[in-house]
Amino acid sequence: MISDWKELWCKDTVEGTVVEGCFGKDPGVQTYLDWLLSAWGWTLVVALIALVIALVVGSLVGVARTTPSKALVAAGNAWTELFRNVPLIVQLFLWYFVLPEFVPALKDLPSFLLAALGLGCFTSARIAEQVRAGINSIPKGQRYAGLAMGLSLPQTYRYVLLPVAFRVVIPPLTSESMNIVKNSSVAFAVSVLELTQFARQVGEETSQPIPVYLVVTLLYFVSAFSMYLVASGIERAVRVPGVAGGGGR
């Protein structure tokens, strides 16, 4: 078993010779294990950047859809429906091949960042819907109470509505954070050397697709489950005792 492992993962990707220790110590030497860890790193980078974009943009759009302004509501609805109803792979191709022709500055961005932008905007539409639903689930009396106390509308959102709404939407946000890790696999379509691209290339080069895909599957599981553990920890930390299973009786 150990020899089989070394035959696959400890090989120099160029020469095909087994490298002692499985890690290429020479800067010019890269083993398949080095490549695997690098691909895993790029998967996490794309997923984390996309998650930040999705949370920020999705929260803003979700809030806009609950304001009294018809223009903001219409703009938020348009954003949500556009990004929610176009397949992710098509959006990624638009970001990579089409938009740079209209926005030249995008041509200077690396492919992994364009992939993160595409994935982040796609996910932001889903988060916007969850934030909108979370805010609308709060009794309207809380909004009126905040305004009656002299708070402006932005202050009412900041101090009254959003702290409660985000507690409500943490469970679905947990699912979205896990989905982002899984959806990052589409980045292979724009030549980002993440886990799926790694599995395709190495499976063909080594003629051993089964162990390669099994390891990649395990890494996707570890990444998504780690997201789940972090989000679950946040949910427990901010949960109000006695509310929604908070533990109080």
Side-chain angles (χ1 to χ4, degrees), residues 37 40-67 76 79-80 83-84 88 116-117 119-147 149 151 153-187 194-195 215-249:
L37 296 177
W40 190 19
W42 282 116
T43 291
L44 296 177
V45 166
V46 170
L48 291 174
I49 294 176
L51 180 59
V52 171
I53 294 171
L55 288 173
V56 173
V57 176
S59 298
L60 292 174
V61 174
V63 168
R65 297 176 68 196
T66 64
T67 62
W79 178 278
T80 302
F83 286 98
R84 192 171 60 170
L88 175 57
L117 282 169
L119 180 56
C121 289
F122 172 81
T123 309
S124 72
R126 300 170 61 88
I127 290 178
E129 184 65 19
Q130 293 159 4
V131 171
R132 180 198 65 80
I135 293 174
N136 286 341
S137 70
I138 301 172
K140 292 183 179 180
Q142 294 194 26
R143 182 193 300 246
Y144 298 147
L147 295 173
M149 292 175 62
L151 297 177
L153 185 60
Q155 288 174 326
T156 301
Y157 272 96
R158 179 180 177 184
Y159 297 113
V160 179
L161 300 179
L162 290 180
V164 179
F166 276 114
R167 285 180 169 91
V168 173
V169 302
I170 282 179
L173 288 181
T174 299
S175 296
E176 290 307 324
S177 65
M178 297 171 68
N179 285 335
I180 276 188
V181 174
K182 295 180 287 185
N183 288 338
S184 67
S185 61
V186 301
E194 44 72 64
L195 285 174
V215 170
V216 166
T217 299
L218 177 63
L219 292 180
Y220 273 120
F221 170 78
V222 169
S223 302
F225 191 66
S226 298
M227 288 280 197
Y228 164 77
L229 293 177
V230 171
S232 296
I234 295 174
E235 181 182 0
R236 289 192 297 271
V238 303
R239 182 181 296 168
V240 178
V243 177
R249 293 179 183 268

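The chain is numbered in sequence order, starting from 1.
- When all heavy atoms are compared, the tightest approach of Ile127 to Ser59 is CG2-N, 4.4 Å.
- Every residue meeting the side chain to side chain contact (heavy atoms under 4.5 Å, CB included) condition with Ala125, not counting sequence neighbours, appears here in chain and number order: Thr80, Phe83, Arg84.
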Pair up each side-chain donor or acceptor in residues 43-57 with any protein partner under 3.5 Å, not counting sequence neighbours, and list the distances.
| unit_1 | atom_1 | unit_2 | atom_2 | d |
| --- | --- | --- | --- | --- |
| Thr43 | OG1 | Ala39 | O | 3.2 |
| Thr43 | OG1 | Leu195 | N | 3.1 |

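- Evaluation of the salt bridge (charged side-chain N to carboxylate O under 4.0 Å, His left out) test over residues 47-61, restricted to residues two or more places apart or in two chains, returns none.
- From Leu173, atom CG reaches atom CG of Asn179 across 11.5 Å, with rounding to the nearest 0.5 Å.
- Across all non-hydrogen atoms, the minimal contact from Met178 to Ala224 is CG-O, 3.5 Å.
- Sorted by first and then second residue, the pairs that involve residues 134-145 and meet side chain to side chain donor-acceptor pair (under 3.5 Å), not counting sequence neighbours, are Arg143-Tyr157.
- Listed by first and then second residue, the side chain to side chain donor-acceptor pair (under 3.5 Å) pairs involving residues 221-230 are Trp40-Ser223 (not counting sequence neighbours).
- Among all heavy-atom pairs drawn from Glu194 and Ser185, the shortest one is OE1-CA, 3.5 Å.
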* Asked: Are Leu119 and Ile180 close enough, and set up right, to give a side-chain contact (heavy atoms from CB on, under 4.5 Å), and what steps lead you there?
  -> CA-CA 7 Å; Leu119 180 56; Ile180 276 188; 4.1 Å; yes

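- Take Phe221 and apply the ring-ring contact (aromatic ring centres under 6.0 Å, His included) test, not counting sequence neighbours, and it matches Phe225.
- Although no hydrogens or angles enter the test, the distance criterion places no donor-acceptor pair under 3.5 Å between the side chain of Ser232 and the main chain of Leu229.
- Interatomic distance, CG of Leu162 versus OG1 of Thr156, reported as 10.5 Å (0.5 Å rounding).
- The distance from atom CD1 of Ile135 to atom CZ of Phe166, rounded to the nearest 0.5 Å, is 7.0 Å.
- Applying the side chain to side chain contact (heavy atoms under 4.5 Å, CB included) criterion to Pro172, with sequence neighbours excluded, gives Gln130, Val169.
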* Would you sort out whether Ser184 and Trp42 count as a side-chain contact (heavy atoms from CB on, under 4.5 Å), showing the intermediate values? => CA-CA 10 Å; Ser184 67; Trp42 282 116; over 6 Å; no

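- With hydrogens and angles ignored, the 3.5 Å screen pairs a side-chain donor or acceptor of Thr66 with a backbone N or O of Val63.
- Listed by first then second residue, pairs satisfying salt bridge (charged side-chain N to carboxylate O under 4.0 Å, His left out) with a partner in residues 168-184 read Arg126-Glu176, not counting sequence neighbours.
- Screening residues 41-58 for salt bridge (charged side-chain N to carboxylate O under 4.0 Å, His left out), with sequence neighbours left out, gives no hits.
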* Dump the intermediate steps for side-chain contact (heavy atoms from CB on, under 4.5 Å) on Phe122 and Asn183, then the final yes or no. => CA-CA 10 Å; Phe122 172 81; Asn183 288 338; 4.2 Å; yes

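- For residues 45-65, every residue pair satisfying the salt bridge (charged side-chain N to carboxylate O under 4.0 Å, His left out) rule, not counting sequence neighbours, is listed here: Arg65-Glu129.
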